[in-house]
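This is a predicted model, so every value here is computed, not measured. Just so you know, residue 1 is the first one in the sequence shown, and it goes up from there.
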Amino acid sequence: MKIGWIVLGGAGLFFGGRYLWQMNRLNTNLEMVINAKLHSVTLAGITIRVDVTLKNPTKGKIKIMFPFVKIMHDGKTIGSSQSVNKEIEIPSFGQAVIEAIMIDITFSQLLINAWSMYQLVKEGKPVVVQVKVLSTIKMLWGDQPYEQTQDITLKGATTTP
């Protein structure tokens, strides 16, 4: 009877360790592609559209929380997305695309933190912003934070009153 428990415990340790190793590989292999563009410019401020593609090049599926997006300019946060409590599953050797995460940046926020950016946008000139995407990878033994920051050049947009 003891031998059976020892064999069962050994198999559990082997397969559990293998699973943990695979989950760690999933985390290190997850790739995030961020695209952002200027959606609109109004008297109230600007709207930036962010699309995020999550790629899973491994044979295990990944569950990740809906991404939270921050837009920064010159090191200051000027806008962020809504927080969404939704899990996204990325299939093995597949991807998940999250489109049209809209970030409204008010005129007052631009005035305080990014007036030079607003002037460039208003004139239709390109401007570089940092887009930071934060999420949480759901794992059996606990959640693991995941983030990526990318410089993106925003080019002209439709100006509306």
Quick one: [atom1] on [X] to [atom2] on [Y], what's the gap to the nearest 0.5 Å?
| X | Y | atom1 | atom2 | answer |
| --- | --- | --- | --- | --- |
| I90 | S92 | CD1 | OG | 11.5 Å |
| I103 | K70 | CD1 | NZ | 11.0 Å |
| K86 | I98 | NZ | CD1 | 8.5 Å |
| M102 | S40 | CE | OG | 7.0 Å |
| I71 | I46 | CD1 | CD1 | 8.5 Å |
| T77 | Q130 | OG1 | CD | 9.5 Å |

Return the minimal non-hydrogen interatomic distance between [X] and [Y], and the atom names on each side.
| X | Y | value |
| --- | --- | --- |
| I88 | A96 | CG2-CB, 3.8 Å |
| I105 | I48 | CD1-CD1, 3.7 Å |
| P67 | S81 | O-OG, 4.3 Å |

Do the side chains of [Y] and [X] get nearer than 4.5 Å, heavy atoms only?
| X | Y | result |
| --- | --- | --- |
| V52 | V33 | no |
| E99 | V50 | no |
| S80 | F68 | yes |

Looking at [X] and [Y], would you say the former's side chain and the latter's main chain have a donor-acceptor pair under 3.5 Å?
| X | Y | value |
| --- | --- | --- |
| N35 | D51 | no |
| E87 | M65 | no |
| H73 | V128 | yes |
| N56 | P91 | yes |

Between [X] and [Y], is there shared hydrophobic-cluster membership here, with clusters defined by ILVMFWY side-chain heavy atoms closer than 4.5 Å?
| X | Y | value |
| --- | --- | --- |
| L134 | I101 | no |
| M32 | V84 | yes |
| M72 | V133 | no |

Original post:
Would V127 and T153 satisfy side-chain contact (heavy atoms from CB on, under 4.5 Å), going step by step from the backbone distance to the final call?
Top reply: CA-CA 5 Å; V127 63; T153 302; over 6 Å; no

**OP:** Taking atom CD of Q95 as the centre, report whether more than 12 heavy atoms of other residues, nucleotides or ligands fall under 6.0 Å from it.
**Re:** yes

Subject >> Steps toward side-chain hydrogen bond (donor to acceptor under 3.5 Å, both in side chains) verdict (D104, T47) >> reply: CA-CA 4 Å; D104 294 316; T47 301; 2.7 Å; yes

